[in-house]
There are 2 protein chains.
Amino acid sequence: MNSRQNLTPDDVVECLRRHDIRPSAQRVAVASFVLQVDEHPSAERVLSGVQADFPMISRATVYNTLHLFVEQGLLREVKLGSSSIVYDANTDRHHHLIDDETGQIHDIPWQAVEVDQVTEIEGFEVREYQVVFKGRRKHNR
Amino acid sequence: MNSRQNLTPDDVVECLRRHDIRPSAQRVAVASFVLQVDEHPSAERVLSGVQADFPMISRATVYNTLHLFVEQGLLREVKLGSSSIVYDANTDRHHHLIDDETGQIHDIPWQAVEVDQVTEIEGFEVREYQVVFKGRRKHNR
DNA sequence: GTTCGTGCAAACGGTTTGCAACAAT
DNA sequence: ATTGTTGCAAACCGTTTGCACGAAC
């Protein structure tokens, strides 16, 4: 459920600026990939994806850059089922569904579900929450 | 929120048998620890915990044993915020809260919250779900 | 005498770190 | 000149694997 809008390099640069991130060539490359890929990529996935058309980017830079993006609110880390951290360009509130077969993580709109009484968790102060679903794609029709 | 009942070795042996697990010395040691510890331990945590009074147990055996326990429904794996897989002796439906400060995972009773419209997730067949809360302990009183 | 359980040590995979080189201002 | 950014390689940590020894039926 990722935007998939075709972003021009200029769009990406502006987006970085909006998040107080200086637009180096590497950062633009990482951002372009992460903002347009139609999945929730892990750092290693980002590395190989970006290396496809930007071969001289290093692993360390990708990790640095992703951390920076998270810090600046451009991305969110998602740590669920999978063995690796994945990144989510959708920074609005939403839920997640983990595909039983593929392990892929899908965004579920916030209004798809209604959760009640959240403020009332005994003994805890809840800062945020989400529903994590497990299941699978409904076949063809 | 773990039971903390004092289990005798015999209780543990019986519990293993109920789950079709042959009670070796190592398995009893792992089960005793995991069923009584008041937290959600990682495999490494189980290893060091069990080694405390059972020094000659190997890493591989702990990992094997935990996997076996999960397979047999004695434990559940919990893969959330933390970098490692943790194990949950509470096999009933429940939610989880991740402590912002400590990273600790707490069980939240199923009825603490009400979730609606879960069957209606567009395009997916939901097999199970839980709410994942993030927050912190309410200070003393 | 197979099968099952255990131990050891090495491999693995994703992430982090330290450090040196190189911009950028 | 200081600060920020990159690249490389090694370290790290939790987990997995292969294999050989030993116990159990």
Seminar exercise, completed: B:Leu68 atom CG is separated from C:dT3 atom P, nearest whole Å, by 19 Å

Problem set entry | Nearest-Å distance for atom pair CZ/P, residues B:Phe54 and C:dG5 | 15 Å

Exercise. Counting side-chain heavy atoms from CB outward, which of C:dG7, D:dT15, D:dT6 is closest to B:Arg59?
Worked result: D:dT15

Problem set entry | Of the listed nucleotides D:dT16, C:dC8, C:dT17, the one nearest the side chain of B:His67 | D:dT16

For this session: Report the nucleotide, chosen from C:dG5, C:dG14, D:dA9, that has the shortest atom-to-atom distance to any side-chain atom of B:Arg27.
Result: C:dG5

For this session: Specify whether B:His95 and B:Phe133 have parallel, tilted or perpendicular ring planes, treating 30° as the upper limit for parallel and 60° as the lower limit for perpendicular.
Result: perpendicular

For this session: Using a 4.0 Å heavy-atom cut-off across all strands, classify A:Arg22 as base, sugar-phosphate, or nothing.
Result: sugar-phosphate

Exercise. Can you tell which of C:dG7, D:dT6, D:dT15 lies closest to the side chain of B:Ser84?
Worked result: D:dT15

Problem set entry | Distance, rounded to the nearest Å, where A:Arg45 contributes CZ and C:dG13 contributes C1' | 17 Å

Problem set entry | Rounded interatomic separation in angstrom, taking CG from A:Leu66 and P from C:dG14 | 14 Å

Problem set entry | Any side-chain donor near an acceptor of the partner, A:Thr61 and A:Asn64, under 3.5 Å | no

Problem set entry | Short side-chain to backbone donor-acceptor contact, A:Gln72 and A:His19, under 3.5 Å | yes

For this session: Can you figure out which of D:dG7, C:dT6, C:dT15 approaches the side chain of B:Asn64 most closely?
Result: C:dT6

Problem set entry | Closest approach of A:Gln51 to A:Ile57 (non-hydrogen atoms, all atoms of both residues) | NE2-O, 3.1 Å

For this session: Would you indicate which nucleotide in C:dC8, D:dT6, C:dT15 comes nearest to any side-chain atom of A:Gln26?
Result: D:dT6

For this session: Evaluate whether atom CZ of B:Arg18 has more than 12 neighbouring non-hydrogen atoms of other residues, nucleotides or ligands under 6.0 angstrom away.
Result: yes

Problem set entry | Nearest to side-chain heavy atoms of B:Glu44, which nucleotide of D:dG14, C:dG14, C:dT16 | D:dG14

For this session: May I ask you to verify if any side-chain N or O of A:Thr61 is less than 4.0 angstrom from the OP1 or OP2 atom of D:dT6?
Result: no

Exercise. How many Å lie between CD1 on A:Ile57 and C1' on D:dT6, as a whole number?
Worked result: 9 Å

Problem set entry | N/O (side chain, A:Ser24) to phosphate O (OP1/OP2, D:dT6) under 4.0 Å | yes

Seminar exercise, completed: Rounded to whole Å, CD of B:Gln72 lies from P of C:dG5 at a distance of 10 Å

Seminar exercise, completed: Taken to the nearest whole Å, OH/B:Tyr63 to P/D:dT15 is 4 Å

Problem set entry | Side chain of A:Ala60 (C-beta onward), nearest among D:dT6, C:dT6, D:dA9 | D:dA9

Exercise. What is the distance, rounded to the nearest whole Å, between atom CG of B:Leu47 and atom C1' of D:dT16?
Worked result: 15 Å

